[in-house]
J.: 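Mind looking over this structure? Questions follow.
Since we're looking at a predicted model, the values are computed, not measured. All residue numbers refer to positions in the sequence shown, counting from 1.
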Amino acid sequence: MKISPSLLAADFLNLGKEIEKINASEADFLHLDVMDGVFVPNISFGFPVLQGVARKCSKPLDVHMMTVEPEKWIGHVRDLGAAIMNVHQEACLHLYSTVQHIHEAGMMAGVTLNPATPVETLIDIIRELDLVLIMSVEPGFGGQPFIRHTLDKVRKLKSLRDASGSKAMIEVDGGVNARTGEELAAAGADILVAGSYVFGNEDMGDAIRSLKNL
């Protein structure tokens, strides 16, 4: 299992030290939630902060754009040196074009689905994707309880991916802990995004390790 700790749950007054802990851990990515207060009812951090994070972090960056018109930010995300750019299906009027532009910028292209968005909306594009991110909580705030129907959704997505011949990894974000992580692994998830479970643990490395071993 690959693990992408969510910086949204970090101690922002000690961000440098938090990133050092991630660098020393077995995490595979660092998950960065960019919120604009429009697409989601919250604002997180902007690109000046992200540039500092990128300089400090040795892990590949997994950038999740919770914004309207995310295609406007492709160049900015590329300039961070990000490995993955995730955009919401619900925010992209021309999703195929946006995915192409992310690839042209040299990044893996991910598409995110909100809890009420069915996986079938990706039938015509899943072969173009490197990753699909399933939200298992409503986007915008950390610490929410896990939405149980996500498990069925992951199973459906895995079936769709396998039937289409797509190589897209399945990532899940929201309410991930040791118990839900085990269930998601059994359902077919490839990457787990964990915020509170990682950054709220006294031993961050141990929390990440426990998820990686699922």
J.: Check for a donor-acceptor pair, side chain of His149 on one end and backbone N or O of Pro115 on the other, with a separation under 3.5 Å.
T.: yes

J.: Other residues, nucleotides and ligands only: do more than 12 of their heavy atoms fall within 6.0 Å of NZ on Lys212?
T.: yes

J.: Hey, mind stepping through Asn86 and Asp62 against side-chain hydrogen bond (donor to acceptor under 3.5 Å, both in side chains) and telling me if it holds?
T.: CA-CA 8 Å; Asn86 270 298; Asp62 172 16; 3.0 Å; yes

J.: Is Asn42 reaching over with its side chain to a backbone N or O of Gly37, donor-acceptor style, under 3.5 angstrom?
T.: no

J.: Do other residues, nucleotides or ligands put more than 12 heavy atoms under 6.0 Å from Lys2 NZ?
T.: no

J.: Please determine, by modelled atom types, if Thr112 and Gln89 share a side-chain donor-acceptor pair under 3.5 angstrom.
T.: no

J.: If you measure from NE2 on His88 to OG1 on Thr98, what distance do you get to the nearest 0.5 Å?
T.: 13.5 Å

J.: Could you work out, with ring pair (Phe, Tyr, Trp, His ring centres under 6.0 Å) as the rule, every residue matching Phe146, not counting sequence neighbours?
T.: none

J.: Could you pull out all residues at least two apart from Glu183 that satisfy salt bridge (charged side-chain N to carboxylate O under 4.0 Å, His left out)?
T.: Arg148, Arg179

J.: Between Arg209 and Asp203, is a salt bridge (Lys or Arg N to Asp or Glu O under 4.0 Å) present by the stated rule, with each step listed?
T.: CA-CA 10 Å; Arg209 197 175 305 112; Asp203 189 336; 5.4 Å; no

J.: Strictly distance-based, threshold 3.5 Å: is any side-chain N or O of Ser136 a donor or acceptor partner for the main-chain N or O of Asp173?
T.: yes

J.: I'd like to know if the side chain of Asn14 and the backbone of Lys17 have a donor-acceptor N/O pair within less than 3.5 Å.
T.: no

J.: Do any side-chain atoms of residues 121-132 form donor-acceptor pairs under 3.5 angstrom with protein atoms, and if so which ones, sequence neighbours left out?
T.:
residue : atom : partner : partner atom : Å
Thr121  : OG1  : Pro118  : O            : 2.9
Asp130  : OD2  : His103  : NE2          : 2.7
Asp130  : OD2  : Ala109  : N            : 2.8

J.: Set out, in order, the CA-CA distance, both residues' side-chain angles and the distance that settles salt bridge (Lys or Arg N to Asp or Glu O under 4.0 Å) for Asp11 and Lys21, then state yes or no.
T.: CA-CA 12 Å; Asp11 178 359; Lys21 292 178 184 178; over 6 Å; no

J.: Going only through I, L, V, M, F, W and Y residues with side-chain contacts under 4.5 Å, is there a path from Leu214 to Val193?
T.: no

J.: Could you walk me through whether Lys158 and Asp162 pass the salt bridge (Lys or Arg N to Asp or Glu O under 4.0 Å) test, one step at a time?
T.: CA-CA 6 Å; Lys158 185 176 185 297; Asp162 294 348; 3.2 Å; yes

J.: Charged N to carboxylate O below 4.0 Å: is that the case for Lys56 and Glu20?
T.: yes

J.: Output the distance between atom NZ (Lys153) and atom OG1 (Thr117), rounded to the nearest 0.5 Å.
T.: 5.5 Å

